[in-house]
Amino acid sequence: MQRYNPSDIEPKWQKIWDETGVYTANLKSNRPKYIAMSMFNYPSGAGIHIGHAMNYTISDVKARFKRQQGYESYHPVGWDAFGLPAENYAIKTGVSPQESMANIIPGYHKQYKAMGWSNDWQKEIATHLPEYYKWTQWIFSEMYRRGLAYQDSRMQWWCSIDKTVLANEQVIDGKCWRHDGPNDPLVEKREVKQWFFKITDYADELLAAIDQLDWSESVKLAQKNWIGKSVGAEIEFRIHNSKDTIKVFTTRADTIFSAALIILAPEHKLTKKITTIDNQQLINKYIEDSEHKSEVERQADKDKSGVFTGAYAINPANGEKIPIWISDFVLAGYGTGAIFGDIHDERDFEFIKKFNIPARVSIIPEDEQEAQKVKNQEYCYSSEGILIDSAEFSGLRSNQAREKIIDWLAKKKVAKEVTNYRMLDWSVSRQRYWGAPIPVINCPKCGSVLVPDKDLPVILPELTDYQPTGDGRSALARAKDWLSIECPQCHGLAERETDTLDTYIDSSWYMYRYFDPQNQNNIFDSEIVKKWEPIDFYNGADHATAHLLYARFIARFFTKIGLINEPEPFKQFLFNGKVTASDGQMFSKSKGNGVDPLEIISSGYGADSLRIYLMFAAPLDLWVKWDSRGVPGAYRFLNRLWNLVSEYLESADGQLNDDDRLAINQIIHPMIKKVTEDIENNRYNTAIATIMGSLNELYRIKKNNLVKCDVWLAALSSIIACVAPFAPHISEELWQLLGNSTTVHRDTWPKWDEQYLVSEEVTIVIQVNGKVRAEIKMPQGANQEDVLTVAQKEDNIKRYLAESSIKKVIYIADKILNIVVG
RNA sequence: GGGCGAGUGGCGGAACUGGUAUACGCGACGGACUUAAAAUCCGUUGGCCUAAAAAGCCUUGAGGGUUCGAGUCCCUCCUCGCCCACCA
């Protein structure tokens, strides 16, 4: 037989799989279903890199494993094609994004196939195609019709390079996520009219459902923090000599009696109105400064700054007159944009001390000495404690007083219980070209009017100039023919909306389109989706918060409108690690340290070796440092498997004695069990290690005893089937060489036989006082007395027992005998 | 600053609910094959002690504790990584 040469067999099988459609999922099958997928890819001119190889192999192994187990297993493929890179490329070169995508995507097909991923190409989707974004637009319309999409003017992050609005999560360390280099500018704030999805309506249920998810813990936590629920009270303060009132949000209503001042965010609506003439100049300057101050500067500048407005508020709890200040550490976007400051909060404490604002203490610890220090205001006491100087609430514990004080203020109609979320509504407008146009017509008479469903999709017109207009509108404002349209309501002259939808919308529902990619009349056939939902396995190394949260939101929305049944789209989510360069640095184009999977494949090692290496190097949730010697190591393993099968095929027919038969079975069956459980539990590295170990043991046995017989055939078949999810090409080749006429990739997963999991003879470790002193062989299931009797005959044990007496014996069946002597 | 996670050979990493620490792979060393090299195959490989073996001692970031027995549980400390970061 020939030597193992991946360059021959890999392309051969890829072609055959393509032609025979082994990986085409029958969505109407009666088999149990399984769908495994990784976050879909953004096609760029660079092609796939080693990180993609990692991500997609993880879900491919899962899909293949289930397919071999007899599931109708679906490993879908699609393209997250809308987004800025293709548009920026278009601006630079004049090549339309539509054309770039048409050029780029076929290259990805080749690369995906070269990696041996078992994608179902018949159901491929791409978000930039009108047949897809028609339904992205439809989702917007449905949201609008149900009151979950609205338009509002907001201060928004603005990237001066891309000339577009950014969502909060697209601002990283004060810079645009696409331009975060040292020379890139900081983001600015601009008032922009935006479309929003009311995700905050779902905040509570999105939060509540997190605990039940079978997801990586770190991601669950990130989601919780992102939603950021906090329960407290909104308390209303009258302004002295004015009819206006200021509402503040607090989670510590129990500290209200020590309120020393009110602090407003500089952007707060009342700031300018209440400022007294004497203070106007300073206040205006402060507001102006903080507008220009970037988020980075605000954060870097931990030192508290602020200006007194000259106005006073009345504490509704005790009638005290307290000053109103402004400071940029108070965030306009959270709560009411105003707080009451008191000595029991670290930040307020700092502020009060810095500006010498009179303050007093209302919570003290139980310890008398400490209480005295707190009363002397030596440090900030922000923990729970006992109330003092708090009228009828004095003496209560702070955690109990909290609710009582809110009730009391509520009766006076100056407070109510409120829940706040860190998460804001989802800004879905983008002033960019390369996205799904928002299906809205702006009519001078009727205002915003939805494009009727029958006119969807609103096709994105091709342009010659893709540069945003710079006035805040996308390049679509230049497409005059496209822009002007008759209003569907009054039939007067109107204009189309020039904003496009955030690409996170495209990716928040794509998993459902996979089940019915060609449907022209509906977003998808609910019956099919209800059969296939939820996604059984999902993985990725990015997007722990935004994408997953938005997908969960859309799934809940779909559930409410009856399209699907499962409010949670992803049953299991694995947040896998990334691959970095050997020095731990991220791969990047600018560093030129990238590793090209296709180069490794074509260098002769093949995709199978690359796949094995990536899955073997470390547990899936750890980051892997690329090691160029890893792939050759994986290749050696596959080569050993190849050579063993070759030798078997060239050997003569024969019989094995009972001992050898048993020995081989006792290698293979535990392996099957371990590999099955490990893949199930996403422990691919130990699954591969187990197969390697078994192969090594078979090598030890084969020396004199390799003959063509049922036991060897079964052993080799099992090992090939177990390798198949990781190394699909070599296993298919060897499978066929062993005489099979059907593929190894369907219905071939071996079962283990319990009788071979235990051996008749076991090794028992003999310890004296917890230290290993001997090993003895005993029949499986021997009792303590027998083991002890045999152990006492061991020379080394005798030495230890000679001078002391046995005080106690601990026996763990078939494992350990510990003799305690004194 | 807050939260989460992790520290195991020269390296990546194993170790089930406390029960033979270092599986598997890489690297290194020795041998076979070869004119030679690569590839392949066989063997050795935590440290100390030893010519070698046996026996023994030490070893899972540091220190302490619980236990017959601790990488695993508890306490204190150190280091690293990731995420969030003035959210009232």
Side-chain angles (χ1 to χ4, degrees), chain A residues 3 173 216-222 224-226 228-230 232 248-252 255 263 295 298-299 301-304 327-331 333-342 344-348 350-351 382 420-423 544-545 575 577-578 582 584 612-613 616-619 621-637 639-640 643 674 677 683 685-696 699-700 703 763-775 795-796 799 807-822:
Chain A
R3 60 183 212 90
D173 290 338
S216 299
E217 285 304 316
S218 62
V219 176
K220 287 165 73 165
L221 199 76
K224 283 186 192 175
N225 291 341
W226 188 261
K229 179 177 181 171
S230 107
V248 302
F249 176 71
T250 181
T251 54
R252 289 295 302 272
T255 64
I263 311 171
E295 201 73 349
R298 276 199 190 191
Q299 282 172 21
D301 194 8
K302 292 280 180 194
D303 216 21
K304 295 279 176 292
S327 173
D328 63 9
F329 85 88
V330 177
L331 306 172
Y334 182 76
T336 59
I339 62 168
F340 72 78
D342 69 80
H344 298 293
D345 177 281
E346 297 272 359
R347 297 152 301 183
D348 301 349
E350 199 188 318
F351 197 90
S382 59
N420 259 315
Y421 298 93
R422 215 185 75 104
M423 181 175 70
T545 45
F575 194 50
K578 293 188 177 184
S582 47
I612 292 267
Y613 165 66
F616 174 67
D621 55 349
L622 289 191
W623 287 41
V624 173
K625 279 185 194 155
W626 178 254
D627 181 351
S628 59
R629 294 170 300 208
V631 174
Y635 177 86
R636 270 196 284 278
F637 158 60
N639 195 34
R640 277 161 67 78
N643 289 338
K674 176 87 168 111
E677 290 170 355
R683 290 195 298 254
N685 58 328
T686 50
I688 294 169
T690 304
I691 301 171
M692 288 172 165
S694 301
L695 184 65
N696 291 345
Y699 259 76
R700 257 164 242 141
K703 278 177 192 159
T763 302
I764 293 173
V765 170
I766 310 300
Q767 298 182 334
V768 178
N769 286 347
K771 297 213 176 225
V772 178
R773 299 301 179 192
E775 282 179 13
D795 287 345
N796 208 31
R799 294 197 311 128
K807 281 170 77 178
K808 196 174 170 186
V809 175
I810 288 130
Y811 179 55
I812 309 295
D814 299 334
K815 275 187 178 163
I816 271 186
L817 184 84
N818 188 9
I819 304 168
V820 185
V821 299

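Quick note on labels: first sequence line is chain A, next is B, and so on, each numbered from 1.
With rounding to whole Å, A:I263 atom CD1 is found 14 Å from B:rA88 atom P. One atom, NZ of A:K625, and another, P of B:rG25, lie 22 Å apart when rounded to the nearest Å. In this entry the distance linking OH of A:Y635 with P of B:rC41 reads 11 Å, nearest Å. In this structure, A:N769 atom CG and B:rU67 atom P are separated by 15 Å, rounded to whole Å. For the pair A:W626 CH2 and B:rG25 P, the computed distance is 19 Å after rounding to whole Å. Between A:Q767 atom CD and B:rU67 atom C1' there is a gap of 13 Å when expressed in whole angstrom units. Atom CG in A:D814 sits about 16 Å away from atom C1' in B:rC16, given to the nearest Å. One interatomic measurement links the two molecules: CG of A:L622 to P of B:rU8, which rounds to 12 Å at whole-angstrom precision.
Across all strands, A:N685 comes closer than 4.0 Å only to sugar-phosphate atoms, never to a base (heavy-atom distances). Residue contacts for A:V765: at a heavy-atom cut-off of 4.0 Å it reaches a base atom on one of the strands shown. Residue-level contact check: A:Y699 touches the backbone only, with heavy atoms under 4.0 Å from sugar-phosphate atoms and none from bases. A:L221 comes within contact range of the sugar-phosphate backbone alone, with a heavy-atom separation under 4.0 Å but no base atom that close. Here A:N818 lies in heavy-atom contact (under 4.0 Å) with a base. Among the heavy atoms of the strands, none lies under 4.0 Å from A:G630. Contact annotation for A:S218: no contact, since no heavy-atom pair falls under 4.0 Å across all strands. Nucleic acid contact class of A:K771 (heavy atoms, under 4.0 Å, all strands): sugar-phosphate only. Nucleic acid contact class of A:D348 (heavy atoms, under 4.0 Å, all strands): none. Using a 4.0 Å heavy-atom criterion, one finds that A:P632 contacts no nucleic acid atom at all. The residue A:R773 sits close only to the backbone: its heavy atoms come under 4.0 Å of sugar-phosphate atoms, none of a base. Using a 4.0 Å heavy-atom cutoff across all strands shown, A:E346 reaches no nucleic acid atom at all.
One C1' atom belongs to B:rG13, the other to B:rG65, and the distance between them is 30 Å to the nearest Å. B:rG63 and B:rG9 have their P atoms separated by 15 Å, given to the nearest Å. With both ends at atom P, the span from B:rG61 to B:rU72 equals 8 Å, rounded to whole Å. B:rU59 and B:rA70: their C1' atoms are spaced 14 Å apart (whole Å). B:rA53 and B:rG69 have their C1' atoms separated by 29 Å, given to the nearest Å. Between B:rC11 and B:rA28, the two P atoms lie 15 Å apart (nearest whole Å). Across the C1' atoms, B:rC80 and B:rC74 are found 23 Å apart, a figure rounded to whole Å. Taking atom C1' on both nucleotides, B:rC82 is separated from B:rG27 by 29 Å, rounded to a whole Å.
With its glycosidic angle more than 90° from 0, B:rG10 is assigned anti.
When each of B:rA88, B:rC68, B:rA55 is scored by its nearest atom to the side-chain atoms of A:F249, the top-ranked nucleotide is B:rA88. Residue A:M692 places its side chain closer to B:rG25 than to any other of B:rC42, B:rA23, B:rG25. Listed candidates were B:rA88, B:rC26, B:rG19. Nearest to the side chain of A:D627 is B:rC26. In the set B:rC24, B:rA88, B:rG19, B:rA88 carries the atom at the smallest distance from any side-chain atom of A:D345. Distance from the side chain of A:E775 is smallest to B:rU20 among B:rU20, B:rA23, B:rC86. Distances were taken from every side-chain heavy atom of A:I812 (C-beta onward) to each of B:rC68, B:rG27, B:rG19; the shortest belongs to B:rG19. Distance from the side chain of A:F616 is smallest to B:rG12 among B:rG12, B:rC58, B:rA14.
The residue among A:V772 and A:R629 whose nearest nucleotide of RNA chain B lies closer to the 5′ end is A:V772. Heavy-atom distances to RNA chain B give each of A:G770 and A:N639 a nearest nucleotide, and the one nearer the 5′ end belongs to A:N639.
A:V624 and A:A618 get closest at one heavy-atom pair: CG2-CB, 3.9 Å.
No side-chain heavy atom of A:I688 sits under 4.5 Å from any side-chain heavy atom of A:Y613. Under the 4.5 Å side-chain criterion, counting only non-hydrogen atoms from C-beta, A:N643 is in contact with A:Y699. Put simply, the side chain of A:I810 does not reach to within 4.5 Å of the side chain of A:Q767, judged on heavy atoms. The shortest distance between side-chain heavy atoms of A:N696 and A:R640 falls below 4.5 Å. Residues A:F329 and A:I339 are in side-chain contact: their nearest non-hydrogen atoms beyond the backbone lie under 4.5 Å apart.
Between the side chain of A:S216 and the backbone N or O of A:S218, no donor-acceptor pair lies under 3.5 Å. When atom types are taken as modelled, the side chain of A:N796 and the backbone of A:R773 share a donor-acceptor pair closer than 3.5 angstrom. In this structure a side-chain-to-backbone donor-acceptor pair under 3.5 Å is missing from A:N420 to A:S230.
Not one side-chain nitrogen or oxygen of A:K815 sits closer than 4.0 Å to the OP1 or OP2 atom of B:rG19. An OP1 or OP2 oxygen of B:rA88 is reached within less than 4.0 angstrom by a side-chain nitrogen or oxygen of A:Y334. Residue A:R422 has no polar side-chain atom (N or O) positioned under 4.0 Å from OP1 or OP2 of B:rA88. Dashed line: the shortest gap from a side-chain N or O of A:R640 to OP1 or OP2 of B:rC42 is under 4.0 Å. Taking 4.0 angstrom as the limit, A:R636 places a side-chain polar atom (N or O) nearer than this to OP1 or OP2 of B:rG27.
B:rC49 is unpaired under the Watson-Crick or G-U wobble criterion, no partner having all donor-acceptor distances under 3.5 Å. Across all strands shown, the partner of B:rG7 is B:rC78, judged by Watson-Crick or G-U wobble contacts whose two distances both fall under 3.5 Å.
One can find a donor-acceptor pair under 3.5 Å joining the base of B:rC86 and the side-chain atoms of A:K304.
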